[in-house]
Amino acid sequence: MQRGSDRLSVHRDDEMKHELQGLLRSGHPTRSEEWHDPEPGADDDPQVWGGGPAPGAASLETVRLELARTLTRGDFPATGKAVVSALRRHHAPDALIEAVAELPPKKTWQGVQDLAEALVGERD
């Protein structure tokens, strides 16, 4: 059987498959040296999740971080409708888009901080 442009031989493929078998079956690292394993997150890291923040349930820092991951400086200043279209264009989580869509559509937001404060409801 011709393997084409594969850079590894059939024997090396089988060897690599055997090496990864323990990792794939166990679901956790199988090495004994700790320096090989990825470092876990710190206790004070903000929690980021794929579902987007729910208004009122998330902290200001979490909502601001979620917005900043999606929007850029070039998206501001913008009205509510423009922010919603920018979130859709950048493939933001649906919960975040829905939360911003509930804000007044004609109000102009100056930046991520301003928008995050409106979503959480914390005005100074």
Side-chain angles (χ1 to χ4, degrees):
M1 176 175 171
Q2 185 71 18
R3 294 199 44 99
S5 64
D6 286 350
R7 52 176 219 182
L8 302 176
S9 69
V10 177
H11 301 292
R12 180 66 179 137
D13 282 346
D14 291 339
E15 185 181 326
M16 290 176 69
K17 213 180 291 183
H18 179 71
E19 289 174 3
L20 288 174
Q21 198 171 32
L23 174 65
L24 296 174
R25 284 187 179 173
S26 68
H28 59 82
T30 57
R31 298 182 180 98
S32 60
E33 297 91 9
E34 286 185 16
W35 58 271
H36 279 295
D37 298 337
E39 192 171 319
D43 292 337
D44 60 345
D45 283 348
Q47 183 179 2
V48 179
W49 63 97
S59 69
L60 177 64
E61 179 181 327
T62 305
V63 174
R64 184 178 58 230
L65 180 64
E66 197 71 32
L67 286 168
R69 288 178 53 204
T70 308
L71 299 172
T72 64
R73 285 184 186 175
D75 294 326
F76 291 100
T79 61
K81 287 175 68 175
V83 172
V84 169
S85 67
L87 288 170
R88 285 193 179 118
R89 189 173 56 249
H90 295 298
H91 307 289
D94 290 337
L96 184 62
I97 294 171
E98 291 168 5
V100 173
E102 291 176 6
L103 295 174
K106 297 197 182 218
K107 180 165 175 41
T108 302
W109 308 105
Q110 299 302 316
V112 170
Q113 178 72 26
D114 192 24
L115 186 58
E117 287 174 354
L119 283 171
V120 175
E122 294 182 12
R123 286 288 180 186
D124 294 306

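Computed from a predicted structure; not experimentally measured.
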Quiz prompt | Least distance between heavy atoms, L103 atom then A118 atom | solution = CD2-O, 4.1 Å
Quiz item: Any side-chain heavy atom of L67 within less than 4.5 Å of one from Q113?
Solution: no
Quiz item: What residues, two or more places apart in sequence or in another chain, satisfy side-chain contact (heavy atoms from CB on, under 4.5 Å) together with S85?
Solution: R89
Quiz item: Taking only residues two or more places apart in sequence or in another chain, which ones pass side-chain contact (heavy atoms from CB on, under 4.5 Å) with P105?
Solution: K81
Quiz item: Atom CG of L96 and atom CG of L71: how far apart are they, to the nearest 0.5 Å?
Solution: 7.5 Å
Quiz item: Which atom pair, heavy atoms only, marks the closest approach of L115 to V83?
Solution: CD2-CG1, 3.6 Å
Self-check item: With E15 via side-chain hydrogen bond (donor to acceptor under 3.5 Å, both in side chains) - residues at least two apart
Solution: R12
Practice problem: Check for a donor-acceptor pair, side chain of D75 on one end and backbone N or O of T72 on the other, with a separation under 3.5 Å. | Solution: yes
Practice problem: State, to 0.1 Å, how close D114 and T108 come at their nearest heavy-atom pair, and which atoms those are. | Solution: OD2-O, 4.2 Å
Exercise. Flag the pair E66 and R69 as a salt bridge only when some basic side-chain nitrogen lies within less than 4.0 angstrom of an acidic carboxylate oxygen.
Key: yes
Self-check item: Shortest non-hydrogen contact between I97 and R88, atoms and distance
Solution: CD1-CG, 3.7 Å
Exercise. Could you give me the CA-CA distance, side-chain angles and deciding distance for H90 and T70, then say whether side chain to side chain contact (heavy atoms under 4.5 Å, CB included) is met?
Key: CA-CA 6 Å; H90 295 298; T70 308; 3.5 Å; yes
Exercise. Compare every heavy atom of F76 with every heavy atom of W109, then report the nearest pair and how far apart it is.
Key: O-CD2, 3.5 Å
